[in-house]
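Report on the following structure.
Atoms within a ligand are numbered from 1 in the order they appear, just like the ligands themselves.
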Amino acid sequence: MSAGTSLSFVVCTVTIILAVAVSFTQGGCEFKKSWIGRWFLSGVPNLIYINSTHIETKGECYEEQGDKYLVYEKSDNCYRCMAIHEKHETVLQYKETFCEVKGSLQDICYGITGDAPLYSMFRKHPEVKPVACPFKSAPFTFSYNRGSGDCSYPASKAESCTDDSRLVLKYQACPDVPSTESNVEELVCLAVWKEGSTRYLIGRISQGNRRNLISDEDQYRCFIYQRNTENGKTVYNIAQSGDATCNGLQNAFEGSRTMKLTTVDNHHNRCKFPLWITDHHTWLSLDHHKTYRFSSKNATLKILDDEAPKPNKVHQNYAFDFQEFGFESQDQRQQNSDMRLVCHMILQSHDHKKVQIVAHITSGCDSGYVCMMFYKRDSNVIELQQSENYAENPDDACANFNPTTTPYTTLITTTLHTKKCPHLGRYTLFNPIASSSEQRKKRQQPAEKSQFSDDSGSSNQLSADCYSHNYEALAVGCGGSHGMEFRSSCAQQTISEYSCHGSWEENGISYVIASPVARKSTDALRYCFIYTLSNQPETTVIEGSLGKKVEPPILRLSGVSESCHRHVIPGVTGNWAFNFTSNGTCSVDNENSSPIAIPATLLVLLSALAALVIR
Ligand SMILES: *[C@@H]1O[C@H](CO)[C@@H](O)[C@H](O)[C@H]1NC(C)=O
Ligand SMILES: *[C@@H]1O[C@H](CO)[C@@H](O)[C@H](O)[C@H]1NC(C)=O
Ligand SMILES: *[C@@H]1O[C@H](CO)[C@@H](O)[C@H](O)[C@H]1NC(C)=O
Ligand SMILES: CC(=O)N[C@H]1CO[C@H](CO)[C@@H](O)[C@@H]1O
């Protein structure tokens, strides 16, 4: 760097510092931190960016007093007054003067007249969570008027969604009223506020049939609403703006479009889910991804799915997603598996063990009636079945319900107690001659990956080989343990122990809810062990040199991680499957005859004892 350039560098730097200093002394103020972001303003094609000092297209904050800001526009070297009101974190409203020559804030702001146009800006980034819609106790019937007369017959319908910031408006066409059409609109409520006695709502409206073409200009609408009671029913009168501003709205009865929502009577008989189900307010799926929660009044069940596909996870940030993904929310919501179920009618109840219920279901913005069966399996285990289709009419919900083909969902309580596992005894792997690694591989289930595999991966091939599938013996409730112990025959004997939390039998097949005692990363949280214990067919009696020999029964066992699926064939399918032969009870006699099944600790103890005796 030469002396010349370094001097000019210094001069330049000083100039910049001076310029900055001057701009600060020249006034300069800051807008509210909460305003920073990108905003939509009707009539402006691009979003308006606001930072702490600038409002894009308006200028720089020069002087501030209360909600009045003197804003300097550099390009025209002029000043304007803006009176900015934050109605909600999503809504800024302002009035402004023309850009004028410099003057005091008071003088310039005096130019804002009462009838100056009001501008409404709606925040797009950073996204803000929608608010709960203020129209409580949907569903509603409604009439509407688009300026050509009331369309009240046939009645239009408004329905709630699981997400209370959404409402579905199902418009009906009235043959006698021009410019009415049947159409489905969805309203997402973004902001509500009150001015005097007037209540405002900002919402985004989307239309089912024109989803990709829709712009912010078409979607943002301002509403004034008013709650009344008529003949014991709650009524909402709503006026909707004709564009993406709040202009032209005076009250809840005049607007580009008006609606009158009326609550529907006696929608649910509001039965209660039986006590043996609601005894635990929260139930979990075996993998803990789904939560079933009963309301305090035991009439409503909410099903929350934490594994919902991504677009649903961000549904709180709906406003933003709309823009980013194009409007496909209707489809996305159909995948949303969060549901709300309201008990509508109890059809059959059997002895606190089984109950059939018609429930009103809301899933996303879809709703209807479903048939549900609840089964009590054990003190901490219930199962349920739910019809797939939503019926319009509650009487149709259970009409075509087939319990033999409807899948079951197994639910457990949030805390599980350890219980005695059924079928106590010792088992050895069926066909134990197979000990070469070739035959071991054959034993593995080819279709589904074993949950028993080693998590250390390929780092130790020998031990991995040893861990996976090489279970030679199973001991249930032996040696002081109440669990199920799977043992491998490897040099370093590995034991996988499972605790049992409940069991039941159905059509000769047994089901046990079990959890791994020391959980490996590849293990499921909870398993449903599905098994049969039966005598070997045909070969039950074998003629031998020593006479007749009765073959021991075979235990066919499968582990399933999600639910106790009825399509699983024990010993054949499932996350993993084994066939074992019974090796008798846990008695000492049997322990002596089957060294593999003796717990390692017991072996050590025995050899220590033997050593003592020999001395
Ligand atoms: C605000 O934005 C303006 C341009 O719109 C920019 O010149 C200014 O440096 C920004 N201020 C801050 C604090 O980021
Ligand atoms: C709901 O169920 C719980 C547990 O079964 C019970 O204690 C409570 O009284 C029930 N509440 C109502 C309002 O029925
Ligand atoms: C268990 O036995 C059944 C029936 O004999 C057989 O089909 C299945 O493959 C066996 N399972 C295993 C893991 O060997
Ligand atoms: C009763 C019975 O089946 N005992 C068997 C237990 O397992 C050992 C080892 O596999 C066999 O040798 C026993 O005959």
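Taking all atoms of both residues into account, the shortest heavy-atom contact from Y119 to E96 is CE1-OE2, 4.0 Å. Scanning both residues, L105 and Y69, for their nearest heavy atoms gives CD1-C, 4.5 Å.
Considering each of S558, A577, P570, G571, the one bringing a non-hydrogen atom nearest atom 11 (N) of ligand 3 is G571. Among I55, N51, T57, the residue whose heavy atom lies nearest to atom 8 (C) of ligand 1 is N51.
Of all atoms in ligand 1, listed by their number and element, those nearer than 4.0 Å to a heavy atom of T53 are 1 (C), 11 (N). Numbered from 1 in the order shown, with element, the atoms of ligand 1 that lie under 4.0 Å from a heavy atom of S52 read 13 (C). Within ligand 2, the atoms closer than 4.0 Å to a non-hydrogen atom of S296 are 11 (N), 13 (C), numbered from 1 in the order shown. Near K272, with a cut-off below 4.0 Å to any heavy atom, the atoms of ligand 2 are 12 (C), 13 (C), 14 (O).
For atom 2 (O) of ligand 2, a protein heavy-atom neighbour is present inside the 4.0 Å cut-off.
Between Y511 and W504, the ring planes are parallel. Angles under 30° get that label, and only those over 60° would be called perpendicular. Ring geometry for Y79 versus Y62: interplanar angle over 60°, hence perpendicular rather than tilted (30 to 60°). Ring-plane geometry between H567 and H565 is classed as parallel, the angle between the planes falling under 30 degrees on a 0 to 90 degree scale with a further cut at 60. Using cut-offs of 30° and 60° on the angle between ring planes, the pair Y531 and H423 is perpendicular. Aromatic ring orientation, Y375 versus Y408: tilted (interplanar angle from 30° to 60°). Between H360 and Y369, the ring-plane angle classifies as perpendicular under the 30° and 60° cut-offs.
When only interatomic distances are considered, the shortest N/O to N/O separation between K297 and ligand 2 does not fall below 3.5 Å.
Contact annotation for T278 and ligand 2: heavy atoms of both the backbone and the side chain come within less than 4.0 Å of the ligand.
Atom 5 (O) of ligand 2 has as its closest protein heavy atom L275 CD2, 3.2 Å. The protein non-hydrogen atom at the shortest distance from atom 10 (C) of ligand 2 is N298 ND2, 2.4 Å.
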